[in-house]
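Quantities reported herein were computed from a predicted structural model and do not represent experimental measurements.
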Amino acid sequence: MAKYKAYTKTPYPLGSTYDGKGVNFALFSAHATKVELCIFNDSGSEELMRYVIEENTNNIWHIYLEGAKPGLVYGYRVYGLYKPEQGYRFNPNKLLIDPYGKKLVGTLIWNKAIFGYDLDSPEKDLSYSTLDSAPYVPKSVVVDDNEYDWGDDKKPDYPMSESIIYETHLRGATKLNPFLPDTKRGTFAGFTDDSTVNYLKHLGITAVELLPVHAFFGHRHKRGYIIDNYWGYESFSFFAPEQSYLSEGNINEIRDMVKKLHRHGIEVLLDVVYNHTGEGNHLGPTLCYRGIDNLSYYILNPDNKRTYLDTTGCGASLNMQNSYVVRMVMDSLRYWVEKMHIDGFRFDLATTLCRRNNEFRQTSGFLYAVAQDEVLQKVKLIAEPWDVGYGGYQLGAFLPGWSEWNDKYRDNVRRFWKGDQYQIAEIASRLTGSSEIFNHSNRSINSSINFITAHDGFTLYDLVSYNMKHNIANGENNRDGTDANWSWNSGEEGKSTNEIVIKNRNNRMRAMLATLMFSFGTPMITFGDEFGRSQMGNNNPYCQDNAITWIAWEGLSTKQRSLISYTKKLISLRKKLKIFNRNSFFTGKVIDEKGNKDLAWYTEKGIQFTSSDWHDGNRRCLSYLLKTDNGFIQAIFNANHTNIDWKLPTIRTKHQWSIIFDSSDTVDKDIELNSGKIISVPSWSVLLIEIKK
């Protein structure tokens, strides 16, 4: 390879940028004393040449290589102090990926050379490693982001009030798809296939929310043994995609997927992990940020700068109080929106991103940066509003324009359909947008992301089939995963042939899916719940890249396919009714001359709730009556183990009454209904009655 002509050009943009004549390289490091750009052969197996970067402009080290082109493989060696007790961890023996690199080549090989310290030394990270890590780490690749033809791609751009989110794992959803060749299973290309897209379109969801697709570690080094990482919550690049998700190594596979899903009216949201990186704690490897500028990229323990302040439970927290780090996160978000046409993001452990002096602040640099960014104001922003640090639980505290995962919705719905006492007052709030949490600062009723299950925890089927977690397969003696599942096995733990148990499980799954779709706020379904996918009681399958978490499409039973049809019907009905397409919260006040309220709560006696009803610990049923433009909608929720006689409310109207939905599918929908009529509401069921002009 001929040596490139190198000279100084510009410190921006950061990363590697091809301009048609050469490539500009720019890297942030505030404390480095020297930086080298290392060029490799196409496979990344051989280092061909090095360039000392002479220019440092405002902490940005930059160099221009004339004649360099897309496809060039590179990495950095960064020099400076190695004094972990002072927070300095520079070691030029460690080849570092570009934090802004858009593509990677090569795989991570677990070898003692990837650690900045001597792994065999009793001093651990206070020692210094002279081993070269280059043979064992991925390298960055120059790409041309302007070469892709988006054609007439148009984002579906659903408002949150019309959104139905489907949280899914790219690999798990496609790994066993019988219509895919082996090379496409578990990849972006597999998710682009007609068989995948048509299923999502058939189901009726409006958005897929993909678990992390940023490049992540394949193994959990922090625990001292190798075990597969499946979920991907150990990102070590916020620009480059996970290599194993590329069937042919071409990042345009992502764009092809997004473009096709858009064409079929489906948005693409990404679960992003900016709160920490895969480098882990102070004993983790040196692959990128730690070696580039440990003092800048991570929040150090002020009492012992050898260690980190960790609010994530993953070893370290990214330092979002540093303006350069905030810039990197913002640049990453804009890259995925502008260059990949992504429609929104779900932020893992979002509280960590919003900390100042180790406390959550609405005035944080990150929230302010997002609020003023015209690109990000056009996409969906969803927070997981907690972390494990001090004051980490911040449900309801995010700014207008943000939606939040509502774990109170999850827990209350689970407990209500489990049959727990004293759930009525809370379930009423969850059904109507959790106003006591979100109704402030002009926030929308759709600020609440309503979910019953997520990737983390029991699936819907396991929720009604297990009383306890069964995580032995994870290799941690069943200590991992939460014990607060609010589950009930319906009478028998795990797989059952008892028809009574099976019926109860089916009824409660159907009732919970109906509850989700007939609640105000934005619903999120976890992939596989629509047909009762089981993880055999494992509520923390972060390391189960196997049949425990993959969808066995060819093994779906008749009952499971029936549940898919049921879920499709629910989604279709939610869309058709239009009553959930609102942004404002209910007031419970009279809104017309007939004395009707915008929303009222009724008991089985046909009368509105009183204070004693709300505080009745044994009450396990309720209904809301909603005034609509075309009449009324009454939703009845019966979590009793027996059928219950239900008197319909007395309404001064000549409108026609009809049962439009029954989760048990046992009620005669042709019965004549009117004010004061008494009907039998099945146990463990949800009914929807329409009073229509």
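A donor-acceptor pair is defined here as one N or O able to donate and one able to accept, closer than 3.5 Å; no such pair exists between the side chain of Ser490 and the backbone of Val501.
In this structure, the separation between NZ on Lys155 and NZ on Lys378 is 9.0 Å, given to the nearest 0.5 Å. In this structure, Leu516 CG and Thr567 OG1 are separated by 10.0 Å, a value rounded to the nearest 0.5 Å. With rounding to the nearest 0.5 Å, the separation of OG1 in Thr549 from CZ in Phe527 is 6.5 Å. Taking OG of Ser572 as the reference point, atom CG of Leu203 lies at 11.0 Å (rounded to 0.5 Å). In this structure, CG in Leu648 is found 12.5 Å from CD in Glu604, a value given to the nearest 0.5 Å. Atoms CD and CG, on Glu338 and Leu333 in that order, are 11.0 Å from each other to the nearest 0.5 Å.
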Tell me which donor-acceptor pairs under 3.5 Å the side chains of residues 586-596 have, and how far apart each pair is, sequence neighbours excluded?
unit_1 : atom_1 : unit_2 : atom_2 : d
Thr587 : OG1    : Lys589 : N      : 3.1
Thr587 : OG1    : Asp598 : OD2    : 3.1
Asp592 : OD1    : Lys594 : N      : 3.1
Asp592 : OD1    : Gly595 : N      : 3.1
Asp592 : OD1    : Asn596 : N      : 2.9
Asp592 : OD2    : Asn596 : ND2    : 3.0

Donor-acceptor pairs under 3.5 angstrom involving side-chain atoms of residues 631-642: please list them, not counting sequence neighbours.
unit_1 : atom_1 : unit_2 : atom_2 : d
Gln634 : NE2    : Ser623 : OG     : 3.1
Asn638 : OD1    : Asn640 : N      : 3.0
Asn638 : OD1    : Asn640 : ND2    : 2.8
Asn638 : ND2    : Thr642 : O      : 3.4
Asn638 : ND2    : Val681 : O      : 3.3
Asn638 : ND2    : Pro682 : O      : 3.0

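Partners of Arg255 according to the side chain to side chain contact (heavy atoms under 4.5 Å, CB included) rule, which considers only residues two or more places apart in sequence or in another chain, are Asp145, Tyr148, Trp150, Ile251, Asn252, Tyr335, Lys339, Met340.
A distance of 6.0 Å or more separates the ring centres of Phe609 and Tyr624. For an aromatic pair to be called close, the ring centres must be under 6.0 Å apart, and Tyr409 with Phe451 fails this. In this structure, Trp553 has its ring center closer than 6.0 angstrom to the ring center of Tyr199.
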side-chain hydrogen bond (donor to acceptor under 3.5 Å, both in side chains) evaluation trace for Asn498 with Ser496: CA-CA 6 Å; Asn498 186 312; Ser496 176; 5.5 Å; no
Pair Thr610-Asp613, side-chain hydrogen bond (donor to acceptor under 3.5 Å, both in side chains): steps then yes or no: CA-CA 5 Å; Thr610 63; Asp613 292 315; 3.1 Å; yes
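Between Lys469 and Asp483 there is a salt bridge, with a side-chain nitrogen of the basic residue lying less than 4.0 Å from a carboxylate oxygen of the acidic one. Electrostatic pairing of Lys669 and Asp665 counts as a salt bridge here, judged by a charged N lying under 4.0 Å from a carboxylate O. The residues Glu167 and Arg346 are annotated as not salt-bridged, no charged nitrogen and carboxylate oxygen being separated by less than 4.0 angstrom. Between Arg505 and Glu492 there is no salt bridge, since no side-chain nitrogen of the basic residue lies less than 4.0 Å from a carboxylate oxygen of the acidic one.
Partner of Lys259 under the side-chain contact (heavy atoms from CB on, under 4.5 Å) criterion, chosen from Val268, Ile254, Asp153: Asp153. Checking each of Gln423, Lys408, Arg410 against Arg430 for a side-chain contact (heavy atoms from CB on, under 4.5 Å) leaves exactly one that passes, namely Lys408. Among the candidates Phe347, Phe360, Phe438, the single residue satisfying the ring-ring contact (aromatic ring centres under 6.0 Å, His included) test with Phe398 is Phe360.
In this structure, Trp231 and His455 have perpendicular ring planes: the angle between them is above 60°, well past the 30° mark.
A side-chain N or O of Asp462 and one of Ser534 form a donor-acceptor pair less than 3.5 Å apart. Side-chain polar atoms of Asn539 and Asn485 form a donor-acceptor pair below 3.5 angstrom. Side-chain polar atoms of Asp256 and Thr192 form no donor-acceptor pair below 3.5 angstrom. With 3.5 Å as the limit, one finds a donor-acceptor pair spanning the side chains of Ser448 and Asn450.
For the pair Cys621 and Trp646, the minimum side-chain heavy-atom distance is below 4.5 Å. Side chains of Asp420 and Trp486 form a contact here, defined as non-hydrogen atoms less than 4.5 Å apart.
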